Amino acid sequence: MVRGILALSVVCFAACGDDGSGSGLDGGNGDGPDQSVNGDGNTGVDFASPVDATCMLQTFTGFPGISAQLRRLDCSCGCVIDSFDTTQVSGFWNGSVMDSTFNPTVTGLNVTPAIGDGGVAFGGLTSINPANTFFLDGDFDVLIDYQLETALPNDAQASLQVNNLKPPVNSTYTVERQRSVGGAQLYSAAVAGIQPVTAATTATTGTLELERTGFTIRAVADGTEVTRFTGAVQDRLALLLTAGVNSCSGGGCTFTVRWRNLRMTRGALVDRQ
């Protein structure tokens, strides 16, 4: 499975709408697929009058080089991590590809995995860049908009993941738009190594979101909770965006996803773990 490959890719890098306050999807008991207690979810910036003029949206430009002191970008009023609106991939990313291409445009970053019969293809961006590393810190809410430029083949996905790069498996949290091996169109969330939770969807454009509040992490798609976990680590977490195809039969298995507007509505970015 590409999910396992992606987790390994992040470790290799280290070594070598919005607020998600929807009703939730439950697996049958009406309480969400617990792993859990209720979370607040109301994480957006309040623009109601009066406006705090000192609270401003920040734009992340990276933490290049080495610093003796911790470098930190406060995102309590929101941060744009990467708008993906230029013709170059930002230098703070570490990229990894297997039979895939990146095509940055002013309207988004297109990632295209393409394989023939069998094999695996993926294109990923991670915040573990030896020359420009960054991590998510504290309580946070991170979101990315996606658009499927072409249909997903079977056993393919576009994923948002955060990971502390350490065992045990409860350090990895993923939400994705996927098509299953059997052809089902889904939103899927896998948190802390627990069996993934899915919800049927026909969306070809939308928003993937991961939100941490204390020990609770929520995986959200298009503003609706897919699942949550109440034993989340409070470590600083690396960030990973990936498009991948896990397998292929019949040849010509490829798709293109366009990433746009990677952002945080709260939290902080720091230059070390």
Side-chain angles (χ1 to χ4, degrees), residues 9-10 13-14 17-20 43-47 52-96 102-111 123-147 158-165 173-175 207-213 217 220 234-243 257-273:
S9 296
V10 175
F13 293 142
D18 265 21
D19 67 7
T43 58
V45 177
D46 184 3
F47 292 108
D52 181 357
T54 65
C55 196
M56 298 179 62
L57 180 71
Q58 304 291 314
T59 299
F60 181 58
T61 57
F63 297 122
I66 299 173
S67 171
Q69 302 298 320
L70 175 73
R71 288 174 288 181
R72 180 182 183 89
L73 180 65
D74 179 22
C75 296
S76 57
C77 294
C79 281
V80 176
I81 300 175
D82 197 331
S83 58
F84 295 116
D85 62 357
T86 70
T87 56
Q88 292 185 328
V89 176
S90 296
F92 51 70
W93 291 114
N94 195 353
S96 178
F102 291 115
N103 179 26
T105 76
V106 296
T107 57
L109 173 64
N110 293 336
V111 184
L125 297 176
T126 176
S127 65
I128 304 302
N129 180 341
N132 213 323
T133 298
F134 67 97
F135 293 87
L136 283 65
D137 193 24
D139 290 349
F140 62 78
D141 193 3
V142 60
L143 308 96
I144 180 74
D145 297 332
Y146 77 89
Q147 182 172 320
S159 307
L160 169 67
Q161 182 185 106
V162 294
N163 189 331
N164 74 351
L165 312 179
Y173 313 100
T174 306
V175 61
T207 302
L208 304 176
E209 177 179 3
L210 291 169
E211 177 197 58
R212 182 172 70 182
T213 304
I217 194 154
V220 179
Q234 294 185 299
D235 301 353
R236 293 169 178 167
L237 301 177
L239 181 64
L240 178 68
L241 293 174
T242 306
V257 61
R258 178 172 297 185
W259 294 121
R260 293 181 292 194
N261 194 21
L262 176 63
R263 62 207 183 269
M264 295 172 68
T265 63
R266 63 188 175 108
L269 299 172
V270 296
D271 70 347
R272 65 200 66 185
Q273 194 169 34

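This is a predicted model, so every value here is computed, not measured.
If you check the side chains of Ser90 and Asp82, you find a donor sitting under 3.5 Å from an acceptor. A donor and an acceptor atom, one from each side chain of Asp235 and Asn164, are located under 3.5 Å apart. For Thr107 and Arg258, the side-chain atoms include at least one donor-acceptor pair closer than 3.5 Å. In this model, a donor atom of one side chain and an acceptor atom of the other lie less than 3.5 Å apart for Thr213 and Arg266.
Under the rule for a side chain to side chain donor-acceptor pair (under 3.5 Å), the partners of Arg72 that lie at least two apart in sequence or sit in another chain are Asp137. Under the side chain to side chain contact (heavy atoms under 4.5 Å, CB included) criterion, Asp85 pairs with Ser83, sequence neighbours left out. By the side chain to side chain contact (heavy atoms under 4.5 Å, CB included) test, Asn103 pairs with Thr105, Asn110, sequence neighbours left out. Under the rule for a side chain to side chain contact (heavy atoms under 4.5 Å, CB included), the partners of Gln58 that lie at least two apart in sequence or sit in another chain are Met56, Leu73, Cys79. Take Asp271 and apply the side chain to side chain contact (heavy atoms under 4.5 Å, CB included) test, not counting sequence neighbours, and it matches Phe63, Ser67, Leu70, Arg71. Partners of Phe135 by ring pair (Phe, Tyr, Trp, His ring centres under 6.0 Å), not counting sequence neighbours: none found.
The aromatic rings of Phe134 and Trp93 sit perpendicular to each other, their planes meeting at more than 60°, with 30° as the lower class boundary.
Between Asp141 and Arg263, none of the side-chain N atoms (NZ, or NE/NH1/NH2) sits under 4.0 Å from a carboxylate O, so this pair counts as no salt bridge.
Ring centroids of Trp259 and Phe102 are separated by 6.0 Å or more, keeping the two rings apart.
For the side-chain contact (heavy atoms from CB on, under 4.5 Å) with Leu239, the lone residue among Leu125, Thr126, Leu136 that qualifies is Leu136.
Contact annotation: the side chain of Leu210 approaches that of Leu160 to within less than 4.5 Å [non-hydrogen atoms, C-beta and beyond].
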